[in-house]
Amino acid sequence: MSGPLAPTPSGPAPVLLARGVGKVYQSRGAAGGPRVANHDLHLRLDAGEVVALLGPNGAGKTTFLRQVAGQLLPTSGSIVVAGVDIVAEPLEAKRFLSVIPQECQPMQELTVEEQIRGFARLKGVPAASLDATVEEILRDVGLVAERGQIVRELSGGFKRRVLIAVAMASATPRLMLLDEPTTGLDPEARRQVWSVIRGLRRRGLGILLTTHYIEEAEILADRVVIISGGRFTVSGTVEEIRNRLPYRGRLIVLRADRLTAAGAEAVRALETRWRVTLREPSTIWFEVPDPFDRDTVGELARLASLGVQASLRPVSLEDAYLTVVGTPEALV
Amino acid sequence: MMTTVRQIGVATSMTLRATFRELGAILGFVVLFPLAFLFFLGAIVQHDLRTQVVVGAIMMEMALLNVNVVGQSIGADKESKLYDLWVSLPASPVVYVTSIALSLLPFSLLSAVLTLTVGAIAFGVSIPLALVPWLLLGFLLVWASTLGIGFAIGVFGRTPRQINQIAQFVGIVMTFFAPVFYPVTILPEPIRIIAYLWPITWGTVLLTGLLAANATTVLEATGVLAGFALGSVVLIGRGIRWRQT
């Protein structure tokens, strides 16, 4: 078996094992019949691993996260968190689980430290080790200087860090679910949150995150799972997914509306060799088999000699994502 | 059980701190009720009903605080997704709701003290000291029995605006159909049946029974209120689950 449920039979128990998870709502579909929110989802996530769930709006990312978090009952399949079935024993499974819901705000009127301390106690951190736990978390998420500040007064990036700190404040942390953890943050704050997530991974937590930022998945994730129409369509490392595209690069022609006659002729000639994936008044994208081979680089040089502005780049995860979401069968 | 009790303690200390730091609206409840009560007492109510009005004002404030503030707190938490964070904790919904309600209790008690003081000093209402513990018990029963209403409004309401509207509506119905400021016998028969569906009516029956030293009435009202309180706990703990199906 390959894909998201990649088995490692001799390895340690996974922190998350989802098998055949599905959700069907009765009588809520467009035609009044049952509506399938997701179907036959399999995912294994090990300790110290980051899996990014990518998909367009409404693809079922948050639905799956809510099922894993025990907030939404699946109609089929099983979800086991750190060896505990979340459906059968939700309170026990939640001891190993931390969740940061999408666009969640911490308690605004508490200080950073009060918040971490309170949630740590609620999640079973014993009084004897509370001080040490809180100090460690404050240090790990970089909130030592802000510990006494009221949360309401913090910036968006710091509030997100407070939420991560709250999620870390657990006696038995194993799995963390982050639903779009950096949405709405400025680039600097996003990088700060990424740094914290990398730290969590180093601590051995399994992390399942959803994101709309392809770059975020490329930077953080050990594996990427693309969900579309409630199904996991593709999974693997960023490299594996990129390699499943039938082409390896793009040749991009800029200022296509200002070409000389010779330049326009040369670009038209390329269309007989390579498929055009995007055509706009000023830009044309070609799929090229290999952006680094002698022939392709030679074409780029020839275009340049005719005054055509063009560039070559290897395929990205975004290319693969857009291909999967548009036409999954286009992958090899 | 011990874990739940400990979690209620922790959660209450958190919500209590937060409530103390955003006092405005709560203090409105706490201060406005004695003033409204003064109006009733001075302008409308006959002398022999003054004690009932004092006691009724305290109960009404307690019930409205539970219905409005508990409902709206849950609504605000849903809006900010903090509710989802609570849902993800290894804790029962009872912990969450009880912590919100307990964080309001000091304000309710403060309001009760203010109302009793104004009633005694300005209008000569006399409440025997021996009755004070029983009155407190009655207040607590009303507090516990109205919790489920606030929680249900907060959980079933889809948006903060809808929650606010439902809470206001319930508050108005409770104010006019629960005979807090007048004897239940004044109401015509069909409305009296509706009135008896509200825990606050039984709170009034309990407290007027206490003031009249009528043991049968007190026992009957205590039993019904305890039933409402138990119903609240069952509704919160089992009837309304964290988990969606």
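Numbers restart at 1 for each chain; the letters A, B, ... are given by sequence-line order, proteins then strands. Small disclaimer: the values here were computed from a predicted structure and weren't measured.
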Heavy-atom cut-off 4.5 Å, strictly under: side chain, backbone, both or neither for [X] against chain B?
| X | result |
| --- | --- |
| A:Pro74 | neither |
| A:Phe96 | neither |
| A:Leu177 | neither |
| A:Gln108 | neither |

Original post:
If we only count heavy atoms from C-beta on, is the A:Lys23 to A:Thr75 side-chain gap below 4.5 Å?
Top reply: yes

**OP:** If a pair satisfies ring pair (Phe, Tyr, Trp, His ring centres under 6.0 Å) and one of its residues is in residues 148-175 of chain A, list it, with sequence neighbours excluded.
**Re:** none

**OP:** Heavy-atom distances under 4.5 Å only: say whether B:Thr15 touches chain A with side chain, backbone, both or neither.
**Re:** both

Original post:
Out of A:Ile100, A:Leu110, A:Val166, which one racks up the most heavy-atom pairs below 4.5 Å with chain B?
Top reply: A:Leu110

Subject >> A:Arg147 and A:Glu135 ion-paired at < 4.0 Å >> reply: yes

**OP:** Could you list the residues that satisfy salt bridge (Lys or Arg N to Asp or Glu O under 4.0 Å) with A:Arg152, not counting sequence neighbours?
**Re:** A:Glu109

**OP:** Kindly determine whether B:Leu89 and B:Tyr96 satisfy side-chain contact (heavy atoms from CB on, under 4.5 Å), including the steps that lead there.
**Re:** CA-CA 10 Å; B:Leu89 297 176; B:Tyr96 170 66; over 6 Å; no

